Amino acid sequence: MKIISGPASSELAERVANITGYQSVPVVSKIFPDGELYVRLEGNVSGEEVVIIQTTCPPMQDSKLFQLAFMADAAKCAGANKVMAVVPYFAYARQDKLFLLGEGMSVGTIVRMLGAAGIEGLLTVNIHSASALSGVPFFARSVSAISVLAAYFVDKGYAEAYALAPDKGAMYIAQEAQQVLGGGVGYLSKVRDRYTGQTEQSAEGLDVEGKTVIVFDDIISTGGTIVGAAKILKEQGAERVFAACVHPLLIGDAAKRILDAGVEDIVGTDSVPGPYSKVSLAPLISRQLKALDSV
Ligand code: R5P
């Protein structure tokens with residue numbers, strides 16, 4: 001197996017190559033003056049099984065998706081035997097249903113596009129909804145990094161912290177964290193207006209007074225969900241509040257607004273490289289690739 005080091009995840013790809021011992025293939029990328037993208041694989045992949053590691057987070061997620069498709073096609077053109085993709089943050093995964101009349105299912109379009117480019121296997125991390133991968137006509141798996149995030153807090157001395165899901169749908173995430181932390185677990189209610197995107201949160205029967213609470217979510221985007229959760233937690237007497245997520249998109253001034261709301265720290269993974277990407281997915285991805293390689 002060889003690792004193709006996608007431009008959007010080159011550090012993560014190098015870490016995976018170091019852990020697994022798989023050779024990494026660098027990629028030259030550039031943007032033409034007219035804005036079109038160019039990629040070139042700088043290594044021999046003929047007859048090889050290759051894994052492209054490329055996240056598709058903002059900014060410019062569409063360009064990252066096109067780079068991914070172009071790298072897959074380049075690998076096929078160069079004679080790769082099999083092309084897999086590790087896409088830690090999978091763009092458009094939240095558009096996995098027809099919420100309003102007239103919409104399309106964007107994530108399905110992306111998957112078909114990647115398949116057409118030559119991708120024959122897909123590994124992602126905490127995809128927003130598992131249904132986004134149902135019906136994908138090739139191997140596709142989402143693995144969870146929540147226990148790795150929870151372990152980070154245990155290492156920092158916050159074992160027994162309360163794991164909170166900011167909405168009921170994320171309760172499975174909080175429960176996964178609780179397995180590692182060993183403290184309490186609960187969730188807030190959240191209702192989103194499908195037209196404005198505005199959300200409203202509320203708490204029922206939370207027992208967080210005097211406790212350290214870690215809010216676990218798959219994604220932090222604008223930060224609105226975490227800011228709302230922090231406000232409720234403070235009102236309910238939580239002593240310390242932290243935010244943990246797999247995908248720290250942190251759009252605009254999201255991080256500042258979260259910290260201003262009394263959250264002590266934001267901990268995310270390198271699915272989205274940035275100042276809050278404190279936990280690397282490399283060991284988790286490496287284990288998955290080794291397991292797939294041995295099948
Ligand atoms: C939604 O269901 C997700 O799990 C996250 O809670 C949401 O995407 C976070 O978005 P924001 O940070 O904009 O509130």
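Model, not experiment: these values are computed from the prediction. Along the sequence shown, residues are numbered consecutively beginning with 1. One-based numbering, in listed order, for ligands and for the atoms of each.
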For this session: Salt-bridge test for Arg240 and Glu264: reply yes if a basic N is under 4.0 Å from a carboxylate O, no otherwise.
Result: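 Yes, charged N to carboxylate O under 4.0 Å.
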Of the choices [options], which has the non-hydrogen atom that lies closest to [atom]?
atom	options	value
atom 4 (O) of ligand 1	Ile258, Ile173, Asp218, Ile226	Asp218
atom 6 (O) of ligand 1	Asn126, Asp167, Asp217	Asp217
atom 12 (O) of ligand 1	Cys245, Ala165, Ser221, Pro166	Ser221

| Is there a path of hydrophobic side-chain contacts, each under 4.5 Å between heavy atoms of I, L, V, M, F, W or Y residues, that connects Leu259 with Val267? |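 Not linked; separate clusters.
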Can you report which non-hydrogen protein atom sits closest to [atom], along with the distance?
atom	result
atom 8 (O) of ligand 1	Arg94 NH1, 2.8 Å
atom 2 (O) of ligand 1	His128 CE1, 3.1 Å
atom 13 (O) of ligand 1	Thr222 OG1, 2.5 Å
atom 14 (O) of ligand 1	Thr225 OG1, 2.5 Å

Exercise for review: Decide yes or no on side chain to side chain contact (heavy atoms under 4.5 Å, CB included) for Lys290 and Met1, but give the supporting numbers first.
Suggested key: CA-CA 9 Å; Lys290 282 286 179 185; Met1 198 177 257; over 6 Å; no
Query raised in the report: At a 4.0 Å threshold, what atoms of ligand 1 neighbour a non-hydrogen atom of Ile219?
Result: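 Near Ile219, meaning under 4.0 Å from one of its heavy atoms, ligand 1 has 5 (C), 7 (C), 9 (C).
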Axial cation check for Tyr162 ring with Lys211, 6.0 Å and 45° limits: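 Lys211 over Tyr162 ring: no.
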* Within 45° of the ring axis of Tyr89 and under 6.0 Å from its six-membered ring centre, is that where the NZ or CZ of Lys64 lies? ->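 Geometry flag: not set, cation outside 6.0 Å or 45°.
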### Message
Please evaluate residues Phe216 and Glu176 with respect to the criterion side chain to side chain contact (heavy atoms under 4.5 Å, CB included), reporting the C-alpha separation (whole Å), side-chain torsions for both, the decisive distance (0.1 Å), and the verdict.
### Response
CA-CA 10 Å; Phe216 283 89; Glu176 213 178 312; over 6 Å; no
**Q.** 4.0 Å heavy-atom contact, Gly223 with ligand 1
**A.**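 Contact present.
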- Query: Would a distance-only check, ignoring hydrogens and angles, find a side-chain to backbone donor-acceptor pair under 3.5 Å from Arg40 to Ala74?
  - Reply: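 A pair under 3.5 Å: no.
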